[in-house]
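Read through the structure below, which is laid out as structure tokens, and then see the notes.
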Amino acid sequence: MKVFVGWVVTYVLCLAVVKKMWSSRYLRSHLTRSLYMNMLSPNQAPYWEVSHQWYLCDKEKLSEDLEPIFIQSFLDQGTQTFLNRSIEKSGWLSIQLYHSFMSSVFSMFMSRTSINGLLGRGSMFVFSPEQFQRLLKIGPDWKSHRLLDLGAGDGEVTKVMSPHFEEIYVTEMSQTMIWQLQKKKYRVLHIEEWQRTGFQYDVISCLNLLDRCHQPVTLLKEMRSVLEPTRGRVILALVLPFHPYVENGGKWEKPSEIMEVNGSVWEEQVNSLAAVFQEAGFVVEAFTRLPYLCEGDMYNDYYVLDDAVFVLRPV
Ligand SMILES: C[S@@+](CC[C@H](N)C(=O)[O-])C[C@H]1O[C@@H](n2cnc3c(N)ncnc32)[C@H](O)[C@@H]1O
Ligand SMILES: *[C@@H]1O[C@H](CO)[C@@H](O)[C@H](O)[C@H]1NC(C)=O
Ligand SMILES: *[C@@H]1O[C@H](CO)[C@@H](O)[C@H](O)[C@H]1NC(C)=O
């Protein structure tokens, strides 16, 4: 009982703080946006002022093989639409309060991913349709047979790729995310099943999964074994710097298999990853640097991580 009362008191206190923050958010968006925010925290500048950094690559630090196949990306309309929408959503006070309350209850026994799946929030953005097409060097009308999206999350990123495919297969670890994927009518395969269906896939996407699963090296080899061996392509995104850890319920664990990624800056880690992919039977055909965006909550308009996105060809 004491614990419960303590918890309620804490929550009310938090609400008071949020209310205070909220008035500043209101100020920021309606009155003296730039001035007021610069005083508060300089790194909360509007995205169109900071976003050019998200795409930068120092080509001199790339290895000889990789330098010519780097694709320069930029803040395009699809990315802006996601960001504008995310900023708008994080401004809906009652929904954000509800999400925050529910997460604090569920986080005692559920992973963050599963809570997001349950509440239908925290959608992610990797690439726009145009960015996807440029990476794969395909036109908007290009069609193929089978896509397999491993660790598809809520399926919002799958949706960007899906118009190009007749059949769309997905895998997920989190049950609440599986519900979201079934709602979107994707064919969900079990995480131990996709390697053994006997199908070959024209494109396999493995987006932001290698650093969140227990056996990244095995996963790469399994992808190689079910990929169509000549025209097939893997599209793989990885957050750098590489920090592998696996969500288990509400806890974080070290992965059971070690993937060797060395180097300190983005370009060096990319060079080292090319060797990892080669080991698994792939060669890098093209790659780019993109922001990995996540919808915000009541504290932030959006979240951003640093992605390297590769197109891999089987050898
Ligand atoms: C960071 S999210 C990426 C979601 C989406 N692909 C994206 O790029 O936004 C990683 C997802 O992989 C799932 N996952 C973790 N291990 C997995 C495994 N072995 N097989 C399939 N999915 C897995 C997690 O539940 C989580 O939803
Ligand atoms: C996003 O919002 C910015 C600033 O309000 C605006 O300039 C831009 O045109 C919007 N872009 C899209 C694609 O909605
Ligand atoms: C880092 O990886 C590169 C490429 O795989 C390799 O040539 C180099 O020896 C590695 N360095 C260390 C310190 O392991």
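Start at 1 and go down the list; that is how both ligands and their atoms are numbered.
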Quiz item: Do the side chain of Asn271 and the main chain of Lys61 share a donor and acceptor less than 3.5 angstrom apart?
Solution: yes
Practice problem: Only one of Ile235, Thr79, Asp76 passes side-chain contact (heavy atoms from CB on, under 4.5 Å) with Phe127; say which it is. | Solution: Ile235
Exercise. Just jot down the salt bridge (Lys or Arg N to Asp or Glu O under 4.0 Å) partners of Glu167, sequence neighbours excluded, or say none.
Key: Arg146
Exercise. Name the option, out of Leu75, Thr79, Asn84, that contains the heavy atom nearest to atom 2 (O) of ligand 2.
Key: Asn84
Quiz item: Taking the six-membered ring for Trp, are the ring centroids of Tyr186 and Tyr169 within less than 6.0 Å of each other?
Solution: no
Practice problem: Return the orientation label for the Phe277 and Phe310 ring planes: parallel under 30°, perpendicular over 60°, tilted otherwise. | Solution: perpendicular
Self-check item: Lys184 and Glu156 ion-paired at < 4.0 Å
Solution: yes
Quiz item: Between CG of Leu273 and CD of Glu279, what distance do you get to the nearest 0.5 Å?
Solution: 13.0 Å
Practice problem: Would you please write out the protein residues whose heavy atoms approach any atom of ligand 1 to under 4.0 angstrom, listed by chain and number? | Solution: Thr113, Met124, Val126, Gly151, Ala152, Gly153, Val157, Thr171, Glu172, Met173, Ser174, Ile191, Leu207, Asn208, Leu209, Arg212, Cys213, Tyr292
Quiz item: Tell me, which protein residue and heavy-atom name are nearest atom 5 (O) of ligand 2, and how many Å apart are they?
Solution: Trp48 CH2, 4.6 Å
Quiz item: In terms of residue, atom name and distance, what is the protein heavy atom nearest to atom 8 (C) of ligand 2?
Solution: Gln80 OE1, 3.7 Å
Quiz item: Quick one: does Thr81 get an N or O within less than 3.5 Å of an N or O on ligand 2?
Solution: no
